[in-house]
Amino acid sequence: MKFKHLIVAFIVLLILSACNDGIEPKEHLGEIYSVALDSIMEQDEALSSNMEYIAIDMSNFEELDENDKKEIINYFKEKYKVDPELFIKTY
């Protein structure tokens, strides 16, 4: 069920960002993925309460480069104040 929410949020964000003239969505993939993943976190408060780490499996994020992946990780580090050494990095 949560996976469906992620897909819907991602598609909506991708469509909205693609509608902007002069802005290339591929230049903002890290931000798009961050917002889409975060929308799942906000669906269930139990997911983000008393959190010690966040695991993000990026093995299927083939269109992202290293900077985009780091942007996603930094977004969650800053927003949820988790210890960066507890992140599971799959890139």
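Residues: numbered from 1 along the sequence shown.
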Residues forming a ring pair (Phe, Tyr, Trp, His ring centres under 6.0 Å) with Phe61, sequence neighbours excluded | Tyr33
Atom CG of Leu37 and atom OH of Tyr75: how far apart are they, to the nearest 0.5 Å?
-> 9.5 Å
With rounding to the nearest 0.5 Å, note down the distance linking CD1 in Ile32 to CG in Leu64.
-> 9.5 Å
Can you tell me how far CG of Asn74 sits from NZ of Lys77, rounded to the nearest 0.5 angstrom?
-> 5.0 Å
Minimal heavy-atom distance between Met58 and Ile73, with the atoms involved, is CE-CG1, 3.6 Å
Drop me the distance from Asn60's CG to Glu62's CD, to the nearest 0.5 angstrom.
-> 7.0 Å
Between the main-chain N or O of Ser34 and the side-chain N or O of Asp38, is there a donor-acceptor pair closer than 3.5 Å?
-> no
Value for CD1 (Ile7) from CD1 (Ile40), rounded to nearest 0.5 Å, stands at 9.0 Å
